[in-house]
> 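Encoded as structure tokens, here's the structure I'll be asking about.
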Amino acid sequence: MEHQHEHPETLPPSSTTPTCCKCGGPTAMAAPPPSCYPPPVYRPIRAPAINLPPNNNSQQAIILAPVPQAKPVPPISPPFHFQPPSKQIQSPDDLRRFHDSDSGKHFLGFVVALSESIRSKRISDPCHVSPVTASIVSILETLIQWVDQIPPTQQAARYGNVSYRVWHDRLVENSPDLMLKFLPPHLEPSTVEIVPYFSDSFGNPSRIDYGTGHETNFAAWLYCLARMDLIKQEDYPAVVARVFVKYLELMRKLQLVYCLEPAGSHGVWGLDDYHFLPFIFGSSQLIDHKYMKPKSIHNDDILENFSKEYMYLSAVAFVKKVKKGPFSEHSPLLDDISGVPNWNKVNSGMLKMYKVEVLEKVPIMQHFLFGWLIKWRMREVREEETRPSLIKRNDV
């Protein structure tokens, strides 16, 4: 077909004379107006929140925050008032009340004390193992055996194998009896309070997921045992090297066998999809190590030979196992931390990060439980308890 359009003999002089897009000659058709806007940027229908870059406010809060310090756990004394724990945190104001309270300060101080207890020690190093500690390890081994007894269901979904719910139902059904294996008779009524912490330490059966909130519940359960003086300060190294290491073994098996979905994962911008505490305890283990530095995580031979002795190396090795591609791309935060000069700074940074990114996040802490062992608004309760005695003194 022949190309046709009007070519006028004369056109008024203009720097914007329209031309034919095919033949290049002048045309009477008006040129389209020049666009003053850049081309539209493609935006997906649903932008995944898990891949958002890190929040600058959180980074600044971590940098400015003081390093948390260890605190002794205050023991309870009779009369005991054990009660079913409940959720209380619903807003940032609630979080501030918790962190300003004795409960919040002592709980974080307990985590720091556990970290300090394993400083410069290997997992296999000898440590004092009390009957209670040995019993807890035995309970966790039982839970691992249940995974072998309840195989995953064949299904098309990538995440969330429904057989996990069968495993979790067995956990909830047997938790009170498991607690009675180490509770002395006078503390048996505490099951009403400590069982909810324990049963919520291994993931959520409805969503079939697991995250740092569940891990924090396990730490809270250990804290409750410490308040009841079942875990003493001399037990702390074994609590980390025996109990928590066995807990990690169980959780990694649950994650792999039942394909637990990461709860609230930050994707590549997070430290880990599931855990945080192994990086705190593990970095403490490596403080003052003669040969291994933070950059040693890039040496696969070191990871292979020493991951059974150091939790930090084990955590990095697990990340490399379950994630594909270059380490700097799927775990940029861990890659950046490997440039820190020494493990002492890594450990202090991890403690600050745990407080800001886990304990100060409403979506995580809204599931945290409060009862008599971990009191809500402890100062107000204490004021109410002491008020009658003050009145009596004034009357006298």
Side-chain angles (χ1 to χ4, degrees), residues 73-76 80-89 94-95 98 101-111 113-114 132-133 135-140 142-143 167-184 187-207 209-231 235-236 239-240 243-244 246-248 250-251 254 260 263 274-277 354 358-359 361 363-378:
V73 175
I76 60 172
F80 304 135
H81 302 286
F82 301 117
Q83 62 187 50
S86 60
K87 300 174 183 179
Q88 300 290 344
I89 294 176
D94 292 337
L95 265 180
F98 171 61
S101 70
D102 291 341
S103 294
K105 292 175 182 177
H106 283 291
F107 173 67
L108 180 57
F110 172 69
V111 173
L114 290 178
V132 171
T133 303
S135 181
I136 295 173
V137 172
S138 175
I139 290 171
L140 294 173
T142 299
L143 301 187
W167 181 91
H168 199 277
D169 287 344
R170 185 184 293 188
L171 167 73
V172 173
E173 181 181 352
N174 290 274
S175 286
D177 292 334
L178 294 174
M179 300 300 102
L180 295 178
K181 289 186 175 183
F182 60 83
L183 286 175
L187 290 176
E188 288 182 358
S190 69
T191 54
V192 69
E193 185 160 345
I194 65 174
V195 163
Y197 287 102
F198 182 77
S199 59
D200 200 27
S201 298
F202 307 95
N204 182 279
S206 299
R207 299 185 300 269
D209 65 4
Y210 173 87
T212 51
H214 302 104
E215 181 186 63
T216 298
N217 272 332
F218 187 74
W221 177 70
L222 294 173
Y223 175 77
C224 290
L225 301 187
R227 287 219 65 196
M228 294 189 289
D229 208 29
L230 296 173
I231 293 177
D235 299 322
Y236 286 6
V239 168
V240 178
V243 172
F244 193 78
K246 185 62 66 174
Y247 170 74
L248 273 181
L250 166 62
M251 287 318 309
L254 288 172
L260 301 187
Y274 298 104
H275 294 284
F276 202 113
L277 293 179
Y354 181 66
V358 177
L359 299 184
K361 288 291 184 284
I364 296 175
M365 294 301 291
Q366 66 182 347
H367 304 291
F368 197 76
L369 300 172
F370 295 88
W372 184 69
L373 294 169
I374 302 180
K375 289 185 173 67
W376 173 244
R377 299 179 182 177
M378 190 171 182

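We number each residue from 1, following the sequence as shown. Any value given below was found using the heavy atoms of this structure, including those in side chains, with hydrogens, waters and symmetry copies removed.
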> Check whether His168 reaches the backbone of Ser199 with its side chain - one donor and one acceptor, N or O, closer than 3.5 Å.
yes
> With under 30° as parallel and over 60° as perpendicular, where do the rings of His275 and Tyr210 fit, or are they tilted in between?
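Plane angle between 30° and 60°, so tilted.
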> Do the two ring centres, one from Tyr236 and one from Phe110, sit under 6.0 Å apart?
yes
> Does some side-chain heavy atom of Ile136 sit less than 4.5 Å from a side-chain heavy atom of Leu225?
yes
> Starting at CE of Met228, measure out to CG of Leu183 and round the result to the nearest 0.5 Å.
5.5 Å
> Check whether any side-chain heavy atom of Asp209 lies under 4.5 Å from a side-chain heavy atom of Leu260, and answer yes or no.
no
> If I take atom OG from residue Ser103 and atom CG from residue Leu108, how far apart are they, to the nearest 0.5 angstrom?
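These two atoms lie 12.5 Å from each other.
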> If you measure from CG on Leu114 to CD1 on Ile231, what distance do you get to the nearest 0.5 Å?
8.0 Å
> Do the side chains of Leu171 and Ser175 get nearer than 4.5 Å, heavy atoms only?
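Touching, per the 4.5 Å side-chain cut-off.
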> Tell me, with the steps shown, if Met179 and Val195 meet side chain to side chain contact (heavy atoms under 4.5 Å, CB included).
CA-CA 7 Å; Met179 300 300 102; Val195 163; 3.7 Å; yes
> For Leu373, run the side-chain contact (heavy atoms from CB on, under 4.5 Å) check against Tyr223, Tyr197, Phe82 and tell me which one passes.
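It is Phe82, the one option of Tyr223, Tyr197, Phe82 that forms the side-chain contact (heavy atoms from CB on, under 4.5 Å) with Leu373.
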> Quick one: closest heavy-atom pair of Pro189 and Val192, and the distance?
O-CG1, 3.3 Å
> Is there a side-chain contact between Val358 and Thr216, using heavy atoms and a 4.5 Å cut-off?
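Yes - at least one pair of side-chain heavy atoms lies under 4.5 Å apart.
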> Closer than 3.5 angstrom, by distance alone: can the side chain of Ser135 be matched with the main-chain N or O of Val132 as a donor-acceptor pair?
no
> In the structure I gave you, are the side-chain heavy atoms of Met365 and Leu359 within less than 4.5 Å of one another anywhere?
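Yes, close enough: below the 4.5 Å cut-off.
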> Just do the side-chain hydrogen bond (donor to acceptor under 3.5 Å, both in side chains) check on Tyr354 and Thr212 with the steps written out, would you?
CA-CA 10 Å; Tyr354 181 66; Thr212 51; over 6 Å; no
> Measure across Tyr247 and Glu215 and return the closest heavy-atom pair with its distance rounded to 0.1 Å.
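Nearest heavy atoms, Tyr247 then Glu215: OH-CA, 3.6 Å.
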> Using 0.5 Å steps for rounding, measure from the CG atom of Leu187 to the CD1 atom of Ile76.
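Rounded to the nearest 0.5 Å, the CG-CD1 separation comes to 6.0 Å.
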> Answer yes or no: is there a donor N or O on one side and an acceptor on the other, between the side chain of Lys375 and the main chain of Trp372, under 3.5 Å?
yes
> Is a side-chain donor or acceptor of Asn174 paired with a backbone partner of Arg170 at a separation under 3.5 angstrom?
yes
> Could you check whether any side-chain heavy atom of Ile89 comes within less than 4.5 Å of a side-chain heavy atom of Phe370, counting everything from C-beta outward?
yes
> If you define the side chain from C-beta out and look only at heavy atoms, does anything of Ile374 sit under 4.5 Å from Glu193?
no
> How long is the span from the NZ atom in Lys87 to the CG atom in Asp200, to the nearest 0.5 Å?
7.0 Å
> The criterion is ring pair (Phe, Tyr, Trp, His ring centres under 6.0 Å); which residues satisfy it with Phe182, sequence neighbours excluded?
none
> Can you see which heavy atom on Gly211 is nearest to which on Ala263, and at what distance?
N-CB, 3.8 Å
> Under 30°, 30 to 60°, or over 60°: which ring-plane class applies to Phe202 and Trp167, parallel, tilted or perpendicular?
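Perpendicular.
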> Using 0.5 Å steps for rounding, measure from the CD1 atom of Ile139 to the CZ atom of Phe198.
6.0 Å
> Could you check Val239, Asn217, Val111 and say which one makes a side-chain contact (heavy atoms from CB on, under 4.5 Å) with Leu222?
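Exactly one option meets the side-chain contact (heavy atoms from CB on, under 4.5 Å) with Leu222, and it is Val239.
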